[in-house]
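When reading the values below, keep in mind they use all heavy atoms of this one structure, side chains included, and skip hydrogens, waters and symmetry mates. Chain A is the first sequence line, chain B the second, and so forth, proteins listed ahead of strands; every chain is numbered from 1.
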Number of protein chains: 2
Amino acid sequence: MSIYLHDIPLPDAQKRFQQALEESGLWRVLGIETIPLDENALGRVTAEPIWAKVSSPNYHASAMDGFAVRAEETEGAGPGLPIQLRVAGHAPQAQYVDTGDPLPDWASAVIPIENVESLDESGNLTADLRRPDSIRIRAAVTPWMHVRPLGEDIVETQLLLPAGHTLRPADLGAVAAAGHADVKVARRPRVAILPTGSELVPIGADLKRGDILEYNSLVLAAQIKAMGGEATRFPITRDEFDSICARVEEAAREYDLVLLNAGSSAGAEDFSAQVIEKLGTLFVHGVAVRPGHPVILGLIHPQSSNASRQSELPMTNRRIPILGIPGYPVSAALTTDLFVEPLIARWLGRRPLELPTETAVLTRTILSPPGDDDFIRVVAGRVGEKLLAAPLARGAGVITSLVQADGLLLLPRGEQGAEAGQAVQVRLYRARSDLDKTIFCIGSHDVILDLLAQFLSERGRRFVSANVGSQGGLIALQRGEAHLSGSHLLDPATGEYNLAAVRQYLPGVPVRLMALVEREQGLMTPRGNPKGIKGLRGLLRPDIQFVNRQRGAGTRVLLDYQLSIMGIPASNIRGYNQEEYTHLGVAAAVASGRADCGLGIPAAAQALDLDFVPLFHERYDLVIPAAFASADLLAPLFDVIRGAEFRKMVMSLPGYDVRRMGEIVLEMT
Amino acid sequence: MSIYLHDIPLPDAQKRFQQALEESGLWRVLGIETIPLDENALGRVTAEPIWAKVSSPNYHASAMDGFAVRAEETEGAGPGLPIQLRVAGHAPQAQYVDTGDPLPDWASAVIPIENVESLDESGNLTADLRRPDSIRIRAAVTPWMHVRPLGEDIVETQLLLPAGHTLRPADLGAVAAAGHADVKVARRPRVAILPTGSELVPIGADLKRGDILEYNSLVLAAQIKAMGGEATRFPITRDEFDSICARVEEAAREYDLVLLNAGSSAGAEDFSAQVIEKLGTLFVHGVAVRPGHPVILGLIHPQSSNASRQSELPMTNRRIPILGIPGYPVSAALTTDLFVEPLIARWLGRRPLELPTETAVLTRTILSPPGDDDFIRVVAGRVGEKLLAAPLARGAGVITSLVQADGLLLLPRGEQGAEAGQAVQVRLYRARSDLDKTIFCIGSHDVILDLLAQFLSERGRRFVSANVGSQGGLIALQRGEAHLSGSHLLDPATGEYNLAAVRQYLPGVPVRLMALVEREQGLMTPRGNPKGIKGLRGLLRPDIQFVNRQRGAGTRVLLDYQLSIMGIPASNIRGYNQEEYTHLGVAAAVASGRADCGLGIPAAAQALDLDFVPLFHERYDLVIPAAFASADLLAPLFDVIRGAEFRKMVMSLPGYDVRRMGEIVLEMT
């Protein structure tokens, strides 16, 4: 067993897999089933073209409530020249019909009831509108007027729907109207999902150190379901070669596809490749895709001694595709999209899903390993005319990057990265109407931005905040890459917040500067402050490990300003160069023991049950270019900020002063 | 009871309905339920914000298979300056870890296994890579390298998802990772669908004259399901006031919403309004929307003597919204989208669905009643740079117009129509990637275009044909509004097909003219040709009712040419001005007895079991501008036409000669 994988390019891997499936007769619709035509047929895929068995309507039908007449007998009628038609008796000239009623054989048109005068035997108007003795009309009708002729909607034998069509609500109605009571659809592929790993514990378990929650099988099952397949999640199997073999054999007897997750790499306890080599054929081990890499593609040859209820091929030739799926959650989801979705599509006879692609402007430079097809999750939003793509955290373990992602940016093999400001193609998960409702806030991080997001979500806005620090936010505004920015940049010369920075970074740009909160900044320490840290001087102690915020963050500016006043050289602080991007990130570093303290806000300390040593006060503002301040998009934001409910919620968090909330510090127009 | 409705504008109706629901406390999430976090949670809507209960990872985890080390002990290591670290024994300097394993307390970084040399006690390389005596490294690592620190993905207490969020596969994983085993979601609204009508028969019934298949409840149920509700279809109720009252009362006891379909108009057997007035309050009867009009909005006041299992309000105050939905299938579906979707969205706490809107060029002029919000179904496709919108049949009874529709064009109240060539806003049902795969064929109709559509669907193309006749097709090509056109225009001067017409309508435009089939044209008559029609002279008989094709149709040109040769005046033919747009339309007119004969092709006659009197031969070609002839989009079309399978299929139809199929008659570049 090798510790190295031999990655092959993505298109080669996909082609090799498809060829293996073609050779095994598995690159086709798996099976056809006839199901009743009811609402459960929604989303199923037609297995054959559907031709009309009957016409609709299947007779000439009145299109209105009114009187059926012979069109030629109405000729000449006009406002001053009424014509009277007999309703009662034998051989009537007019007959009442409701909408949908068949036209009498002798009739050729319908006059709507509101256009006739109903008369009694004496020729007077009668209240019995529908059974008068005769009617009087004052306008002629042409043949087939207000009639739905036989076949108006559907003509017997016409093609209604092609094969491979995913059934929508109206399709079901049309198929019924065409005389069908059931429909032939592609059988749903059955997919077995086998989580393996001795460190895995099921969802909801109390976590011990080293336990990993097994939730990949849940994500995979939901993906399969969304694709139109049926997924079964097997119990967790420990990292034991024989146990995994047994499970795979069991799954291969009953299912169309086996997903083995994880153990697909080449580590000490990665058995997937060996298992597949024992039970069948391994085609690919390692794909040059990021995230992804340790992907395995193979075919299992089930033992012929075991009968299969699913077999549509003679048992001896039956092959079951198997995928070894990497363990990192983002890799797992992406691998499933790349390899399983096209297969399920083929098995259902539908076209593979294709995400809509749009051109977007990249908000920051990204580097990419040139050997890989590199898939980067991005947040997207429209700011003015530009569609922006802000890259999310790259780690394959960061499932929240998939939650936050609005799209996927592919940097193909051969490219080494992309520059900030560059136009890139983004495959969008989200409808454009959603993106048009997105408020893009780039800048400094504060916990209350999460609260704001929740309040705005209830008001039809998606509030997306990217944390790049106060300076980064102003630079984003300057580039037209955000609707607003959270900022707490102290001007050392005046002691005032943000005004100087706005003038520096946004010269000549009309902006609204609105106070959000005044807040405390201080040192977060573990509960009980075990090392007795009292202030910034403590950071010089050799037993103190500090964790810092990134360059450009307002908190970093504040720290540097205070250090310079106190004459403390940053280089003497252990951990000064260890950077986190959010207050919660700093809090997590302290909570986990990775650092002894970090500068931040009390809400973050409270969230992770840390102690807090208050040191400074500062104002946190929103900077909003005038063009956006007056736009509909942001109106709910101002409603929320000026409303009592949000203010109350913020007041319940420690360390915030909301008295100036919503106050306009500066309004340039 | 009045026979007239008093239509009110759509926004007024929507507002009145919403106000009534607000006053009854029904304009809010209906209820919250806690469900297990499994794949059935997919598509459910979060009822509360979801905050993280645990961090993920919840310990410092190795991000690679390799050796955990103290970063400071690797300082100075380089290619020529190896450092050796002890693995065995007490107080090790390095320890093997698999990906995901917790970092030992003393360690601060991980060195990937491929970057170390494993040594035995004697300092020689050993094959026991994971349990060596010591390791040798040739590069330093910085603190936290290849470590996933606690909280890298999720920090305890952080906001994971807002309320009102529709759960996707990755969301389920993130919620699980954050320590949840279940999730609070909005309860699914329960909707009762009550089909009423004495003329209705269930799906699959043998149809007698006057029977109407009841499939609206199926479409409505599928719509409700797609919206996230639960629909129950009640059995058909006859048009009897008391029966309908009883059903509505029954439904109101158990369901959140009652949809009564139809009987919403003001005809003799339309009881919906009366029923609602008896059992509750009627707010709106008639909405100025087309199709739609007889829409009823009301509230039922259930009898307090009946206990309700659903009640979340005291019984006496409980109100159940009820909609009277028009009977025409297109009206029914549209009414449900306009009034029910926003209500279900509100009840689930999610945003209402919004179709993406794009600007498209209208292909033909449409008229619209200025008093209505007029919703017009359109077929859409991209031809060159233009997105085109071709209006479909307007009839509210034409369910196939919803099947074919790619989008909806709204002509708002006050507008009288829109001109061909005008830019209009279209709400699209289809993804843009689908539209980019659409081949737009406008021109003459032939039954084999349906076959072609089926073959192309299997090759990843959507083939949309709009039937406007041969001349209309060439005009569409001239305007850049089609990729190709089917044409059989005889040049009376030369007896040749299409060449003269192409020169006339597309002067200077390089085109490919490709023969598709040669086909018979003749008179379709009822089975047995009861009136003994032998040729065009027969059309002059006073007992013969003819049905014609529309002006510009090749078949009409052919007829007029032959009539002129024979000296037959068109004005002497009864029914000459009665026009149908397709061969099947003509066949249906003959089959139903609306006409005695019509000119057309044998395939259409055979489809409806008619007799056929062959009269002429003609060539049916495809006209394709050179720009599209060489485009990827059309490549599968040529593959199909040149392939044996399609040719064989066409040969199996009567009256076609395929010998010249695929032959290029003219190629201008």
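A:Asp38 and B:Leu218 make their closest contact through C-CD1, 3.3 Å (heavy atoms, listed as atom of the first residue, atom of the second, distance). Nearest heavy-atom pair, A:Ala176 versus B:Leu213, reported as atom, atom and distance to 0.1 Å: O-CD1, 3.2 Å. Nearest heavy-atom pair across A:Ala588 and B:Leu150 is CB-O, 4.1 Å. Closest heavy-atom contact between A:Val403 and B:Asp171: CG1-OD1, 3.4 Å. When all heavy atoms are compared, the tightest approach of A:Ala163 to B:Ser457 is O-OG, 3.4 Å. Closest non-hydrogen pair, A:Ile399 versus B:Gly173, comes out as CG1-C, 4.3 Å.
At a 4.5 Å heavy-atom cutoff, the contact between B:Asn40 and chain A is made by backbone and side-chain atoms alike. Both the backbone and the side chain of A:Asp105 come within less than 4.5 Å of a heavy atom of chain B. Both the backbone and the side chain of B:Leu207 come within contact range of chain A, each with at least one heavy atom under 4.5 Å from a heavy atom of that chain. Interface remark: A:Arg461 contributes backbone atoms only to the contact with chain B (heavy atom separation under 4.5 Å). Contact annotation for B:Asp450: both backbone and side-chain heavy atoms come within less than 4.5 Å of a heavy atom of chain A. Within the 4.5 angstrom heavy-atom criterion, only backbone atoms of A:Ala405 (N, CA, C, O) approach chain B. For A:His60, the part lying near chain B is the side chain, with the backbone staying farther off; criterion is any non-hydrogen pair under 4.5 Å.
Put simply, the side chain of B:Tyr328 reaches to within 4.5 Å of the side chain of A:Arg148, judged on heavy atoms. Residues B:Gln578 and A:Trp144 form a side-chain contact, since some pair of their non-hydrogen atoms from C-beta on lies under 4.5 Å apart.
The choice from A:Leu220, A:Asp98, A:Thr582 that makes the most heavy-atom pairs within less than 4.5 Å of chain B is A:Asp98. Among the candidates A:Pro149, A:Ala177, A:Ala221, A:Ala178, the residue making the largest number of heavy-atom pairs closer than 4.5 Å to chain B is A:Ala177. Interface remark: of the candidates A:Arg594, A:Glu39, A:Gln223, A:Arg594 forms the most heavy-atom pairs closer than 4.5 Å to chain B. For the set A:Lys225, A:Arg209, A:Glu152, A:Glu354, the count of heavy-atom pairs under 4.5 angstrom toward chain B peaks at A:Arg209. Note on A:Ala262, A:Ser592, A:Ala431: by heavy-atom pairs under 4.5 Å with chain B, the leading option is A:Ser592. No other option in A:Ala181, A:Gly151, A:Ala607 has as many heavy-atom pairs under 4.5 Å with chain B as A:Ala607.
Using a 4.0 Å cut-off between a side-chain N of Lys or Arg and a carboxylate O of Asp or Glu, B:Asp434 and A:Arg351 qualify as a salt bridge. Between A:Glu358 and B:Arg432 there is a salt bridge, since at least one side-chain N of the basic residue sits less than 4.0 Å from a carboxylate O of the acidic one.
Not a single donor-acceptor pair under 3.5 Å links the side chain of B:Ser433 to the backbone N or O of A:Pro356.
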